[in-house]
Every structure is written in C-alpha cells, then in structure tokens.
K.L.:
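Could you have a look at this structure, given as structure tokens, before my questions?
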Amino acid sequence: MNRIFLDVHALQTVPPSNLNRDDTGAPKTAVYGGVPRARVSSQAWKRAIRTYFKDEHLLDPAELGVRTKKVVELLADRITAFDPSVARETAITLADETIRAAGIKTEVPKRKADQAKKDAGPLPAPESKYLVFLSSRQLDGLARHALEGAADITAFVKSKENKARARELADMRHSVDIALFGRMVADVADINVDAAVQVAHALSVHRVDNESDYYTAVDDENTDEETGAGMIGTVDFNSATLYRYAALGVHQLAANLGQGLREDEPRTEPVRRAVEAFVLAFVSSLPTGKINTFGHHTQPDAVVVRLRTTRPISYVAAFEDPVRSNGGHLREAADRLAAYAADVERVYGDPETTLTWVLRVGPATLKLAELGTETGTQRELAAAVARAVVERLEKPA
C-alpha cells in the first residue's frame with residue numbers, strides 16, 4: 001500500500017481558560033523559543049476528539065470503543081444482553097474468565113473488597129489493573145465466546161484453542177478510535193495496536209504568563225448582620241492563540257481498520273468515514289477543563305490540511321521566535337504560518353503529489369488562502385479530504 005500522510009494544522013484563540021491542568025491545578029506550560037508558552041497536552045485533545053465522535057454522532061456506535069478498567073462488568077453487560085436468562089453473578093464469572101483467557105489480568109480492587117466486607121455485601125466485580133481499550137465489536141465477539149463455554153467456563157478457557165480464540169477476538173475488528181490512537185496492553189503485547197495518528201501538544205504562538213483569579217462566594221442565607229464571604233479561593237488561567245497539529249498515517253489507519261461494518265462495502269469506505277470523522281473532530285473538539293468557570297467555547301480561526309506522500313511536517317518552527325502582540329496575535333501568526341509553510345514545502349515537499357485545503361475565518365487569516373483550495377465549511381473540508389484519501393488509496397502503487 002502507498003504511504004499516505006495527512007497533516008492537519010490549526011490556529012485557535014482561546015480566552016481566559018484552564019483547558020488542561022498540571023498537578024498544581026495551573027494551566028500546563030512549556031518553554032519554547034526561550035519563553036514560556038501555554039500548552040495543552042496531546043492526551044487532553046485526543047480525549048476531546050474521542051468524546052466528540054460520540055457526542056456528535058459522527059460514527060456508528062459499533063465503530064467506536066470503550067477504554068476502562070471495568071472491562072469485566074462491561075463484558076458481563078454484553079453477555080446478559082445476548083442471553084437475558086444468564087444471572088448477573090454468572091455473567092460476571094463468564095466475563096472474568098474470558099477476559100483472563102485473552103491474557104488480561106484482573107483482580108477485585110482492595111478498597112472495594114474491604115468495603116464489601118465491611119458492608120457484609122457481595123464481592124464486587126473484578127477490574128483490570130490498567131485501562132483496557134476494546135471495540136464494540138470485540139466486546140460482542142468475546143461475549144458470544146463466553147456464552148459458548150457457559151456450561152463450564154473454567155474448563156472451556158483452559159483449552160489452548162479457546163484461549164487463542166479469545167485473544168484473537170480481542171485483536172480483530174478494531175474500532176475507529178483504537179485504529180487512530182492505538183492501544184497498549186501491558187500483559188499482552190501481541191494485541192497492541194500501533195497508532196495511526198500523532199497529535200502534538202498545542203502551544204501558544206506567543207509568550208504566556210499564567211494569571212490567578214481570586215474569587216468569593218456569598219452564602220445566600222446570610223442575614224444583613226452576617227458579612228463576609230461564605231467561601232474564597234483562587235483559580236489559575238491564561239489566554240492564548242494556539243498552534244495545533246496532528247499527523248495521520250492513512251496507510252496505517254487502513255491496516256488497523258481492516259474489514260468495515262459490512263462485508264459488502266468497499267475496503268476504502270471505513271477509512272473514508274474515519275478520516276472524515278477525524279478531520280471534523282480535530283477541528284471542532286475542545287478540552288473541557290474548567291469550562292463551566294470560563295466558558296471558553298471557540299473554534300479555530302484557520303485550518304490547513306495537507307495530503308502528502310512525503311513524511312509529515314509540522315510548521316511549529318514558524319513560531320520558535322514568539323509572536324509579539326500588536327493589538328493581537330492572530331494576524332501575525334497567520335502571516336508567519338503562510339510564509340513558513342510555503343518555504344518549508346518548497347525545500348522538502350513534493351508539489352506534484354501534495355494536495356492542500358484551507359478553512360479560515362476573517363481577514364486576519366487571508367494570507368493562508370494562498371496555500372491551497374479554500375473550503376467554505378468544516379463539513380465541506382472533511383468531505384473533500386476524505387474523498388481525496390480514497391482516491392489515493394485506490395490508486396495503484
């Protein structure tokens with residue numbers, strides 16, 4: 001298969017906010033170009049993208065996965081959904097044995113076991129020692145497998161053939177989010193999935209110093225004689241124009257996805273859906289840290305997407321020298337991005353095989369229009385990129 005990469009770049013301005021906190025509760029930062037920058041971790045934005053898939057119904061639920069320690073309970077739910085006659089306690093046992101057969105270790109958390117003993121209640125369901133990422137179709141396959149051995153599940157999963165089948169079911173028909181972001185299973189390295197997408201930590205294009213907001217809350221039941229605040233506190237925040245970047249290996253995505261939902265659909269169709277959903281979610285998703293406090297609902301001011309056969313290229317070096325404010329940062333950031341992108345592509349790119357789309361808002365981003373084909377809406381952008389990806393995939397190597 002041809003090597004195909006999708007570079008997605010975005011400039012996004014956020015007002016006072018705390019999108020992604022560090023261990024002290026302050027917005028995350030990084031030093032770049034010798035000055036402190038606002039930073040939003042890749043993990044925070046990948047989580048936002050996965051949530052956007054579900055909340056905006058961009059994909060069929062069968063094409064999505066779940067990442068949880070409560071994998072035994074989740075599988076037990078599938079078992080009873082397939083066969084309501086199975087008692088809950090039995091379903092938990094079937095699920096636990098099947099998960100263990102797939103190579104994933106489970107145990108009842110000590111704190112939950114101690115609480116159950118204290119309450120004289122039933123022992124809670126075992127949990128995995130780490131987050132396990134399984135697709136909806138993998139859970140369905142494992143549930144059916146468990147029901148096949150329901151008569152004597154312990155003996156059933158001791159069979160080498162059935163144990164191998166459980167591991168196989170956990171490693172086929174990956175969901176879109178697993179195919180995109182990968183999966184690591186500490187105990188079963190052979191069912192790990194290499195991520196098709198790399199998401200950079202978002203960085204401000206300019207210097208940023210965190211600020212602190214001192215706030216008070218009044219007790220509604222106070223009388224006129226009772227003065228003072230019912231609560232006081234502080235919350236850290238900053239505001240920034242962020243450069244965001246992700247690189248998607250389309251060939252890796254296609255390999256990870258394999259067969260789509262239906263056996264009769266073209267092999268490129270699940271890739272098309274995944275690419276379209278990813279572009280939409282990358283553009284419009286937003287980490288929700290402290291969002292009730294700050295209401296930082298913004299969309300990117302500009303998005304540049306490049307489909308290439310050469311290796312991915314981030315344009316973050318356009319901002320190694322931090323942008324200085326001249327009544328705002330966006331216009332200079334857009335101008336710099338346009339100039340740097342043109343320069344770096346002239347030296348390292350392949351204009352004959354690279355396609356470029358631009359989505360932008362307002363006059364401050366005008367220079368970016370020179371980089372490629374402008375699209376009017378984010379849905380038009382995502383659809384155009386997805387169509388071009390399919391054409392590349394179907395082109396003979």
Side-chain angles (χ1 to χ4, degrees), residues 1-11 49 52-53 56 58-60 63 174 176-177 179-181 195-200 244-262 265-285 299-300 302-315 337-338 341-342 344-346 348-361 365 367-397:
M1 183 184 295
N2 295 328
R3 289 200 337 149
I4 306 170
F5 295 100
L6 201 63
D7 285 339
V8 188
H9 315 263
L11 291 175
I49 290 169
Y52 197 85
F53 285 156
E56 299 299 318
L58 299 185
L59 294 160
D60 189 300
E63 293 182 285
H174 296 305
V176 169
D177 39 9
L180 284 168
F181 302 121
V197 69
Q198 300 165 345
V199 178
R244 300 170 49 206
Y245 171 71
L248 170 60
V250 176
H251 52 287
Q252 183 68 53
L253 175 64
N256 288 350
L257 283 175
Q259 179 60 48
L261 284 179
R262 302 186 305 274
E265 69 180 0
R267 189 174 180 83
T268 54
E269 179 57 20
V271 181
R272 185 199 64 76
R273 288 196 300 268
V275 168
E276 186 168 347
F278 175 73
V279 172
L280 284 170
F282 180 86
V283 170
S284 285
S285 61
Q299 292 277 12
V303 179
V304 178
V305 182
R306 284 205 144 126
L307 183 63
R308 61 170 75 249
T309 55
T310 54
R311 80 165 180 84
I313 303 175
S314 167
Y315 298 147
L337 183 60
V344 79
E345 292 296 334
R346 175 180 53 80
Y348 295 108
D350 184 354
E352 292 186 5
T353 62
T354 301
L355 298 176
T356 305
W357 298 265
V358 177
L359 178 71
R360 63 178 194 85
V361 177
T365 61
K367 284 194 177 180
L368 288 169
E370 300 171 5
L371 294 179
T373 303
E374 276 203 78
T375 58
T377 69
Q378 62 168 343
R379 291 198 172 274
E380 291 172 357
L381 171 70
V385 172
R387 285 194 300 270
V389 163
V390 168
E391 290 174 5
R392 286 285 174 91
L393 285 173
E394 292 177 343
K395 188 176 179 180

K.L.:
Please find the pair of heavy atoms, one from G258 and one from R267, that lie closest to each other, and give the distance.
P.N.:
CA-NH2, 3.8 Å
K.L.:
Less than 4.0 Å between a side-chain N and a carboxylate O, is that true for E269 and R272?
P.N.:
yes
K.L.:
With a 3.5 Å distance limit and no angle check, can you tell me whether R306 reaches the backbone of G372 through a side-chain donor-acceptor pair?
P.N.:
no
K.L.:
Looking at every heavy atom in both S284 and Y52, which two are closest together, and how far apart are they?
P.N.:
CB-OH, 3.3 Å
K.L.:
Hey, are the side chains of E345 and P351 touching, using non-hydrogen atoms and a 4.5 Å cut-off?
P.N.:
no
K.L.:
Can you check side-chain contact (heavy atoms from CB on, under 4.5 Å) on R379 and L280, steps first, answer last?
P.N.:
CA-CA 7 Å; R379 291 198 172 274; L280 284 170; 3.5 Å; yes
K.L.:
I'd like to check E63 versus F53 (side-chain heavy atoms, cut-off strictly below 4.5 Å). Are they in contact?
P.N.:
no
K.L.:
So do the side chains of V304 and L11 get within less than 4.5 Å of each other, counting heavy atoms only?
P.N.:
no
K.L.:
Would you say CD of Q198 has more than 12 non-hydrogen atoms from neighbouring residues, nucleotides or ligands within 6.0 angstrom?
P.N.:
no
K.L.:
Looking at F5, is R311 sitting on its ring face, NZ or CZ under 6.0 Å from the six-membered ring centre and within 45 degrees of the normal?
P.N.:
no
K.L.:
Are R387 and E276 ion-paired here, with the side-chain N under 4.0 Å from a carboxylate O?
P.N.:
no
K.L.:
Checking side-chain contact (heavy atoms from CB on, under 4.5 Å) for the pair R360/E374: CA distance, chi angles, key distance, verdict?
P.N.:
CA-CA 8 Å; R360 63 178 194 85; E374 276 203 78; 3.1 Å; yes
K.L.:
Decide yes or no on side-chain contact (heavy atoms from CB on, under 4.5 Å) for T373 and V358, but give the supporting numbers first.
P.N.:
CA-CA 6 Å; T373 303; V358 177; over 6 Å; no
K.L.:
Could you tell me which non-hydrogen atom of L58 sits nearest to which non-hydrogen atom of A277, and how far apart they are?
P.N.:
CD1-O, 3.7 Å
K.L.:
Do V8 and L248 have side chains that get closer than 4.5 Å, going by heavy atoms?
P.N.:
no
K.L.:
Search all heavy atoms of I49 against all heavy atoms of S285 and return the closest pair with its distance.
P.N.:
CG1-OG, 3.4 Å
K.L.:
Check A274 against L257 and note the closest heavy-atom contact, atom names and distance.
P.N.:
CB-CD1, 4.0 Å
K.L.:
Begin with the C-alpha distance, continue with both residues' side-chain angles, and end with the deciding distance and a verdict on side-chain contact (heavy atoms from CB on, under 4.5 Å) for E394 and T268.
P.N.:
CA-CA 8 Å; E394 292 177 343; T268 54; 3.3 Å; yes
K.L.:
How many angstroms lie between atom OG1 of T309 and atom CD1 of I4, to the nearest 0.5 angstrom?
P.N.:
8.5 Å
K.L.:
Quick check for you: to the nearest 0.5 Å, what is the distance between H9 atom NE2 and Y245 atom OH?
P.N.:
5.5 Å
K.L.:
So among V389, V271, L393, which one has a side chain to side chain contact (heavy atoms under 4.5 Å, CB included) with L253?
P.N.:
V271
K.L.:
Look at R308 together with D7 and state whether they make a salt bridge at an N to O cut-off of under 4.0 Å.
P.N.:
yes
K.L.:
Do R273 and E265 meet the salt-bridge criterion of a basic N to acidic O distance under 4.0 Å?
P.N.:
yes
K.L.:
Rounded to the nearest 0.5 Å, what separates atom CG in L371 from atom CG in L337?
P.N.:
7.0 Å
K.L.:
Using 0.5 Å steps for rounding, measure from the CZ atom of F282 to the CG atom of L6.
P.N.:
10.5 Å
K.L.:
Do H251 and R392 have side-chain heavy atoms sitting under 4.5 Å apart?
P.N.:
no
K.L.:
Are L307 and T354 side-chain neighbours, meaning at least one heavy-atom pair lies under 4.5 Å?
P.N.:
no
